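Proteins come first, then strands; the chains are lettered A, B, ... in the order of their sequence lines, and each starts at number 1. Values in this document were obtained by computation on a predicted structure and should not be read as measured data.
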Amino acid sequence: MLVTGVSRDLGRRFARAAADHPDVERVIGVDVVPPRGDVGGVSFVRADIRNPVIAKVIAKEDVDTVVHMSVISTPGSNGGRSTMKELNVIGTMQLLAACQKAPTVRQLVVKSTTHVYGASSRDPAMFTEEMEPRRQPRGGYAKDVAEIEGYVRGFARRRPEVVVTLLRCANVLGPQVESPIASYLRMPVIPTVLGFDPRLQFVHERDLLGALGHAVAAAVPGTFNIAGEGLLTLSQVVRRLQRPTLPLPGFALGGLGGALRSMHVSEFSPEVRALLTYGRGVDTTRMRRDLGFSPRFSTAATVDDFASNLVPTGGRTDRLLADLEHRLPSARAAVESGAHR
Amino acid sequence: MSEREHIEGAEVIPIGTRGRPGRGTGQRPSAAARGLAGKAAKGPAQRPPRPKKAAEPPVVQAVPEEAAEAPVSAAVVRERSPMAGIPVSDWQAALEGAAREVLGTDWEQQLARLLAFLRRRVTGDYVVDDYGFDAELTQRFLLATLRPIAEKWFRIEVRGTENIPADGGALVVSNHSGTIPVDGLMTMVSIHDHTGRFLRPLGADLVFRMPFVSSLARKAGATLACSEDAERMLRGGELVGVWPEGFKGIGKPYSERYKLQRFGRGGFVSAALRTGVPIIPLSVVGAEEIYPLVGNVPSLARILGVPYLPITPFFPLLGPLGLVPLPSKWIIEFGEPIRTDDYDAGAADDPMLVFNVTDQVRETIQQTLYSLLMQRPSVFR
């Protein structure tokens, strides 16, 4: 099995879990930079998927399953936007070209994202897998993902005997996740778009790893939305995180994003800004019915788990109300009787 | 302060004005006082001591049952400012007394319920469905706000509610009028109050582009008027409301009132045909007169990105006051459901059939509008 993008936390953890699995003979992790944490039984190959070296690795190691996880949403430390685009698009092209040449490859799993649906005021409430974005993305991550998915579909046409599974994951959230949305929600004061309350869906990091593992094991071809059950509005999320908000007009949020990027706190890319304005929901019927995967964490449970690792910076009103509740005579009596017992 | 009290204390002595009214020196009542006294000389004589009592903290009046002990504490704290002198326990007792007075004996449960509700809202511990519909907020806040407007201002008369199925999906198709889509809100209230069901309106994408309106619309149960959402809601057994005239309907001039515009492209009919739910025609009379549209500023509307910019007899002439709708009398009538479940599977893709059903719905609404207009004595009565 070949796993790309193992230098990132999720990729590394997935590769490790796969290596520990009894049915998996060998796991090769590929990335440009070595992974930082413990990789366990994964044999790491330092290779850039942007050049044809990757084909040799696949051919030499008799890889039968490729899990492509190096579609990145943030430029991160290894360069700016152009590097990111190159890594995403050219990297995927090279990887798919290598897979096409390799007769041993039987299965391809690609981790994509629901950002591919975009977010606009013309969106239906819930996107199903066959829906297209209402507005074609003009640039950035969403466009990368759209192009990558196009190449993956092309590959599936050319190698029909390979099982191609495309997982469109909602925003991943979890105690250890580093993503634009996670760092946004970790901010002590959360800026929101004035007058909008977007619907958001999350998937827990453990469920994401579970979904990838399930996709490899089940080998069901197709495209699947992966998201926790239910939806939360952004106002609910920040209340559950007990964070104060700062409503700003949409254009000001962009300016704030620029200022925050220069301070390396967070950034608001156009697709994140659109998501925080209009929100998005995806239909997960196919994930349950056809892929046969059901996440353990609902959207609300994911947010609560994320919140348990954060120090609340707000929640004063709730404490006031709780205090008032305790002062009610019946509550006082209950507390006293409880103390007596 | 103490000196003044001394004098006030001295005032108490003239209680013995020997039964005559008056205050001051205690020697003789003033001429005015004597004039007021008349024959009944007993009652008013007790009044002079009152000013002294008024100097005590107001809490004494708030808790009658505590009055026995209150003067004691008041006597102790007399030197301080009136607000600082009230202990927390007194406040609490006063509030409890007041709560008992206002809410009755089960005030505690009521207050506990209210607090639990507030805490649930503040901690985000409530549920919204796939479309962002917040049933609790809609029922407790939105509909409660709109209800007096529906009942007192527009005096809505609702007819034919038996045509709304008690459960399962159904599509309510209504005429649209009134410059601002107030008719949609009023239909939501009327349906909820008569059947207990929530109407799920389908709105234009402009609704979801506007700040505040968009978040409120989603919370009230609206979603985008597109075939995907309509079919999804109808399959989910919701009561969906649609206004196929759209902006052509609400933005038409007053002179064309109650003349139905084109019913879109009949998308609502295909959605109903695909899901096999009944179509319930709804005719609303009265909404045309709330903001009589007499003019439009197309150029400014284009700049602002809205379909029209209304001029009514009172707006923008009276400014914000012009936004108060005229209190016309409303009649809304739900017609007999048009069944769509006996058509065969491919019916939704047959444009001729879709147009025919669309026309049938449109004609039904138009005819009902005319007959309701005949029955209405006048616009405001």
Side-chain angles (χ1 to χ4, degrees), chain A residues 120-128 130-131 134 192-201 229-242 247 249-250 277-279 281-284 299-300 303-304 307 314-331 333, chain B residues 88 91-93 95-96 99-100 106-134 137 200 202-219 222-233 236:
Chain A
S120 80
S121 58
R122 291 163 188 266
D123 286 352
M126 298 298 259
F127 278 103
T128 55
E130 59 268 20
M131 287 182 197
R134 289 301 162 108
T192 60
V193 184
L194 184 70
F196 288 94
D197 198 3
R199 296 165 305 127
L200 301 173
Q201 256 177 334
E229 199 176 346
L231 285 146
L232 287 180
T233 59
L234 179 62
S235 62
Q236 275 180 297
V237 173
V238 295
R239 285 173 193 182
R240 276 162 185 261
L241 298 178
Q242 300 205 344
T277 311
Y278 301 112
V282 294
D283 184 284
T284 54
T299 293
V303 170
D304 289 344
R316 204 175 300 129
T317 322
D318 180 47
R319 281 198 294 278
L320 195 78
L321 286 173
D323 189 44
L324 210 60
E325 217 168 31
H326 284 298
R327 272 170 191 275
L328 280 180
S330 62
Chain B
V88 179
W91 276 115
Q92 214 165 351
L95 284 174
E96 278 181 35
R100 210 170 300 135
D106 66 335
W107 66 275
E108 245 191 87
Q109 274 94 44
Q110 288 202 24
L111 195 61
R113 240 173 286 146
L114 178 72
L115 279 175
F117 168 69
L118 285 177
R119 283 196 72 188
R120 217 164 44 240
R121 302 301 307 186
V122 164
T123 51
D125 190 14
Y126 51 90
V127 186
V128 297
D129 76 356
D130 288 354
Y131 312 91
F133 173 51
D134 187 343
L137 184 82
R200 309 293 302 266
L202 300 182
D205 76 307
L206 177 72
V207 170
F208 300 98
R209 211 168 64 213
M210 288 198 288
F212 304 107
V213 177
S214 76
S215 70
L216 208 60
R218 282 243 175 250
K219 280 174 186 150
T223 193
L224 185 76
C226 60
S227 56
E228 293 94 342
D229 278 15
E231 282 165 33
R232 195 183 172 83
M233 268 192 174

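- Contacts of B:Arg209 with chain A are made by both backbone and side-chain atoms, with heavy-atom separations under 4.5 Å.
- The line from CG of B:Leu111 to CG of A:Leu324 is 7.0 Å long, rounded to the nearest 0.5 Å.
- With a 4.5 Å cut-off on non-hydrogen atoms, B:Asp134 does not touch chain A at all.
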Salt bridge (charged side-chain N to carboxylate O under 4.0 Å, His left out) between B:Arg232 and A:Asp283, intermediate numbers included: CA-CA 11 Å; B:Arg232 195 183 172 83; A:Asp283 184 284; 2.6 Å; yes
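- There is no contact between A:Asp304 and chain B, counting heavy-atom distances below 4.5 Å.
- The distance from the CZ atom of B:Arg119 to the CG atom of A:Leu321 is 7.0 Å, given to the nearest 0.5 Å.
- Atom OG of B:Ser215 sits about 9.5 Å away from atom CG of A:Leu194, to the nearest 0.5 Å.
- Note that the CZ atom of A:Arg239 and the CZ atom of B:Arg120 stand 12.5 Å from one another [nearest 0.5 Å].
- Heavy-atom distances place the side chain of B:Leu224, and not its backbone, under 4.5 Å from chain A.
- A donor-acceptor pair under 3.5 Å is formed between the side chain of A:Gln236 and the backbone N or O of B:Tyr126.
- Within the 4.5 angstrom heavy-atom criterion, only backbone atoms of B:Val127 (N, CA, C, O) approach chain A.
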In sequence, state the C-alpha distance, the side-chain angles, and the governing distance for A:Asp123 and B:Phe208, and then conclude on side-chain contact (heavy atoms from CB on, under 4.5 Å). CA-CA 9 Å; A:Asp123 286 352; B:Phe208 300 98; over 6 Å; no
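- Using a 4.5 Å cut-off between heavy atoms, A:Ala300 does not touch chain B at all.
- Under a cut-off of 6.0 angstrom, the local environment of CD in B:Glu228 is crowded, with over 12 non-hydrogen atoms contributed by other residues, nucleotides or ligands.
- Between A:Asp197 and B:Lys219, at least one side-chain N (NZ, or NE/NH1/NH2) sits under 4.0 Å from a carboxylate O, which counts as a salt bridge.
- Interface check for chain A: of the options B:Thr223, B:Val207, B:Asp125, the most heavy-atom pairs under 4.5 Å are formed by B:Asp125.
- B:Arg218 and A:Ala125 get closest at one heavy-atom pair: NH1-CB, 4.2 Å.
- Within the 4.5 angstrom heavy-atom criterion, no atom of B:Ala225 approaches chain A.
- For the atom pair A:Phe196 CZ and B:Leu216 CG, the distance stands at 12.5 Å (nearest 0.5 Å).
- Within the 4.5 angstrom heavy-atom criterion, atoms from both the backbone and the side chain of B:Thr123 approach chain A.
- Heavy atoms from other residues, nucleotides or ligands lying under 6.0 Å from CZ of A:Arg122 number 12 at most.
- Residues B:Asp130 and A:Arg199 are not paired through a salt bridge, judged by the lack of any N-O separation under 4.0 Å between the basic side chain and the carboxylate.
- From B:Cys226, atom SG reaches atom CZ of A:Arg134 across 5.0 Å, with rounding to the nearest 0.5 Å.
- With a 4.5 angstrom heavy-atom cutoff, B:Met233 does not touch chain A via any of its atoms.
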